[in-house]
Amino acid sequence: QVQLVESGGGLVQAGGSLRLSCAASGRTGSSHAMGWFRQAPGKEREFVAAITWSGSSMHYRDSVKGRFTISRDNNKNTVYLQMTTLKPEDTAVYYCAAHRTYSTLWYGVDLDYWGQGTQVTVSS
């Protein structure tokens with residue numbers, strides 16, 4: 001089992017920045033790809049960003065390209081989501097996920113592990 005714990009959420013004004021962290025513990029020896037998803041009130045959960053185990057490839061949803069950056073530090077078993085130029089429509093609960101297959105992670109279906117989520121609120 002792998003446990004994922006997100007942190008770094010909060011309230012920020014539009015145009016501001018936040019960095020989310022997702023710390024993995026447990027059987028972290030597996031080579032999982034990692035990703036971030038978000039769910040706004042009344043909306044379905046959506047993919048935000050993903051990164052391979054090695055960190056060599058990343059994938060983003062179009063609306064966050066150029067504003068969000070996903071990265072990971074395998075020595076710390078932690079994945080990050082640097083968010084800049086935040087917009088009110090970025091307001092959501094952000095979830096970290098781990099999955100054995102990078103190419104299917106962003107579909108968000110039957111993923112191996114999920115975190116509990118962290119709230120991000122962007123005020124206008």
Side-chain angles (χ1 to χ4, degrees):
Q1 288 291 324
V2 173
Q3 293 78 44
L4 304 176
V5 178
E6 301 96 333
S7 61
L11 174 64
V12 64
Q13 290 187 332
S17 300
L18 281 176
R19 189 177 80 157
L20 305 183
S21 299
C22 173
S25 61
R27 292 184 58 190
T28 56
S30 299
S31 300
H32 285 85
M34 301 291 292
W36 289 95
F37 293 77
R38 66 187 182 188
Q39 186 167 20
K43 296 186 177 181
E44 293 187 352
R45 186 164 54 193
E46 63 183 20
F47 167 78
V48 176
I51 188 168
T52 56
W53 163 252
S54 66
S56 60
S57 294
M58 289 79 77
H59 182 66
Y60 300 91
R61 71 179 297 106
D62 288 345
S63 63
V64 307
K65 287 180 180 178
R67 300 190 298 121
F68 291 11
T69 303
I70 188 171
S71 62
R72 66 189 298 165
D73 184 340
N74 287 340
N75 291 325
K76 297 181 179 180
N77 293 324
T78 301
V79 63
Y80 305 96
L81 185 68
Q82 179 68 50
M83 305 185 294
T84 63
T85 319
L86 282 161
K87 304 175 181 180
E89 51 264 44
D90 294 319
T91 294
V93 177
Y94 283 70
Y95 297 91
C96 174
H99 195 53
R100 71 186 76 93
T101 306
Y102 171 70
S103 60
T104 57
L105 185 150
W106 52 73
Y107 295 108
V109 177
D110 294 331
L111 300 189
D112 294 333
Y113 305 103
W114 288 94
Q116 84 290 346
T118 185
Q119 176 70 47
V120 172
T121 304
V122 184
S123 62
S124 57

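Count residues from 1 along the sequence.
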Sorted by first residue and then second, give each disulfide bond (SG atoms under 2.5 Å apart) pair with at least one member in residues 55-124; sequence neighbours left out.
C22-C96

Which pairs, with at least one residue in residues 49-82 and sequence neighbours excluded, count as a disulfide bond (SG atoms under 2.5 Å apart)?
none

Listed partners of [X] passing side-chain hydrogen bond (donor to acceptor under 3.5 Å, both in side chains), at least two apart:
X: S63; value: R61
X: R38; value: E46, D90, Y94
X: Q39; value: none
X: S7; value: none

Residues in salt bridge (charged side-chain N to carboxylate O under 4.0 Å, His left out) with D110, at least two apart?
none

With sequence neighbours left out, what residues match [X] under side chain to side chain contact (heavy atoms under 4.5 Å, CB included)?
X: T85; result: R67
X: A23; result: T78
X: Q82; result: S17, R19, T69, T84
X: S56; result: T52, S54

Evaluate the criterion ring-ring contact (aromatic ring centres under 6.0 Å, His included) for residue pair Y113 and H99; output intermediate values, then yes/no.
CA-CA 7 Å; Y113 305 103; H99 195 53; 9.2 Å; no

Residues that Y102 engages under ring-ring contact (aromatic ring centres under 6.0 Å, His included), provided they are two or more places apart
W106

Please lay out, stage by stage, how W36 and F68 fare under the test ring-ring contact (aromatic ring centres under 6.0 Å, His included).
CA-CA 11 Å; W36 289 95; F68 291 11; 10.0 Å; no

